[in-house]
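Beneath this line is the structure, given in structure tokens, with notes to follow.
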Protein chains: 2
Amino acid sequence: MVKSLDDTTENKILGAARKVFWEKGMAGARMQDIADQAGINKALLHYYYRSKEKLFEVIFREASSLFFMKIAGIIESDIPLFAKIESFCGEYIAMLSQNPYLPLFVLNEANKQPYRFKQRFWKNRENLFERFARDIMMEIENKKIRPLKPAHLFMNMVSMCVFPFIAKPIWMMSSGMKEDEFIHFLEERKKIVPEFIICSIKK
Amino acid sequence: MVKSLDDTTENKILGAARKVFWEKGMAGARMQDIADQAGINKALLHYYYRSKEKLFEVIFREASSLFFMKIAGIIESDIPLFAKIESFCGEYIAMLSQNPYLPLFVLNEANKQPYRFKQRFWKNRENLFERFARDIMMEIENKKIRPLKPAHLFMNMVSMCVFPFIAKPIWMMSSGMKEDEFIHFLEERKKIVPEFIICSIKK
DNA sequence: GTCTATACTCGGATAGAC
DNA sequence: GTCTATCCGAGTATAGAC
């Protein structure tokens, strides 16, 4: 949920496009839905953004940067490893709670159009977890944590933060959770996940 | 990858539909693609399955049962908790390695069409993790593991097994892994993930 | 059962008035 | 900038010959 500062037509369009694309994806979204959501007509959409493709690109670029920005910010910060893990999980789960459709949207489109994704949206993000890997290797040398490959630790951490948002509908059916219980479950995970990780790696 | 026993037209269609739907999803799939993939024409598709919708349902029902079957089988088996965790992670990651598009396909469609999913594909799967929860509560009582809510443990376990398959394209870009390194990475996770979990919960 | 040809519908895009 | 009306390609589905 990115908020518009004022409701110019342009902002109404972006807000509507965000909502529709995030929920339905590129293939499932309809220009008519976006127009309706924005309270305008299809022609005006094309006036502002020549094509569906162009509009999608704006939304996807924005979304993928939102999806990675917070990761990058925290990972690159200069705090001790355990604090970094706590901060990452807490803040990332909080951000995703505000934007529950974000993970599936970004990951799905990255899978469906890997080439496009690689070409256009992957500028200067190489080796995102290199810094994190260094932190880990250092703590292993210092005997603060048991030896394990940084890649697995990183993948585990991100998995436990992000996956619940993707699995939500199935999870709610199989666990019988209601909406507010799920919110509470996510809230708990801000503490539970880093605790789970640290229990596992601490020496 | 579910294999066809013989190549009747029906099996060629199912194989083609599986491939196309799994990769592109309902909204992105084209009947023409499926026909081409099967080496027949569109008309014949409609002869066997009246509509795209009907064909999709067959494939989705089959996929979601594949996605849950192995979970259910292992969870309900009658072995000690730690062995169950090891068995689950190893076998589930192995199954997904054979069917890498399965998780995103099932989870994506479950999100896009939650109502349909609930109505048609959720027969007798309620409380999938109830049995697992009992195992955990018992081991907590026996002081074999530290106290933690079964829901979180279960979610953590499934997250770490499934998420890598969904994040693959992004992961490969950000980590710089090549295809064969990723295969190896998944292979390692069959051991690493249960070890990671058990280290965390063992008392 | 399998094909070619075609009908029909949906949805992205444009023309042109205001 | 915003609208109504319309075009046109893509894609699902059907008719009908073989």
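Please read these numbers as outputs of a predicted model, since none were measured by experiment. Just so it is clear: chains get the letters A, B, ... in the order the sequence lines come, proteins before strands, and each one is counted from 1.
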Checklist entry - Whole-Å distance between C/dA13 P and A/K54 NZ? => result 10 Å
Next on the checklist: Please determine whether a side-chain nitrogen or oxygen atom of A/H46 lies at a distance below 4.0 Å from atom OP1 or OP2 of C/dT14.
Outcome noted: no
Checklist outcome for this item: B/K42 atom NZ is separated from C/dC8 atom C1', nearest whole Å, by 12 Å
Checklist entry - Got a sec: does the NZ of A/K24 have more than 12 other heavy atoms crowding it under 6.0 Å? => result no
Item to check | DNA chain D: 5'-most and 3'-most nucleotides touching chain B, 4.0 angstrom heavy-atom criterion | outcome: D/dG11 to D/dA15
Checklist entry - Between A/D33 (CG) and C/dG12 (P), how many Å, whole number? => result 8 Å
Next on the checklist: Please compare A/Q32 and B/E10 by the position of their nearest nucleotide in DNA chain C and report the one closer to 5'.
Outcome noted: B/E10
Next on the checklist: What is the separation between atom CD on B/E53 and atom C1' on C/dC10, rounded to the nearest whole Å?
Outcome noted: 16 Å
Item to check | Length of the line joining B/R30:CZ and C/dC10:P, which is rounded to integer Å | outcome: 15 Å
Item to check | Between C1' of C/dG12 and CZ of A/R50, the distance in whole Å | outcome: 14 Å
Checklist entry - Given atom CG of A/D36 and atom C1' of C/dG11, what is their separation to the nearest angstrom? => result 13 Å
Checklist entry - Do B/H152 and A/E195 come within less than 4.5 Å of each other through their side chains, counting heavy atoms only? => result no
Next on the checklist: Quick one, A/I34 and A/K52 - any side-chain contact, counting heavy atoms below 4.5 Å?
Outcome noted: no
Under 3.5 Å, which donor-acceptor pairs do the side chains of residues 158-173 of chain A form with other protein atoms, sequence neighbours left out?
residue: A/S159; atom: OG; partner: A/M155; partner atom: O; Å: 2.6
residue: A/K168; atom: NZ; partner: A/E179; partner atom: OE1; Å: 3.3
residue: A/K168; atom: NZ; partner: A/E179; partner atom: OE2; Å: 3.0

Checklist entry - Checking all strands, does B/A29 fall into the base, sugar-phosphate, or nothing category for heavy-atom contacts under 4.0 angstrom? => result sugar-phosphate
Checklist entry - Mind checking what makes ring-ring contact (aromatic ring centres under 6.0 Å, His included) contact with A/H46, not counting sequence neighbours? => result none
Checklist entry - Hey, is B/R134 close enough to B/E130 for a salt bridge, meaning N to O under 4.0 Å? => result no
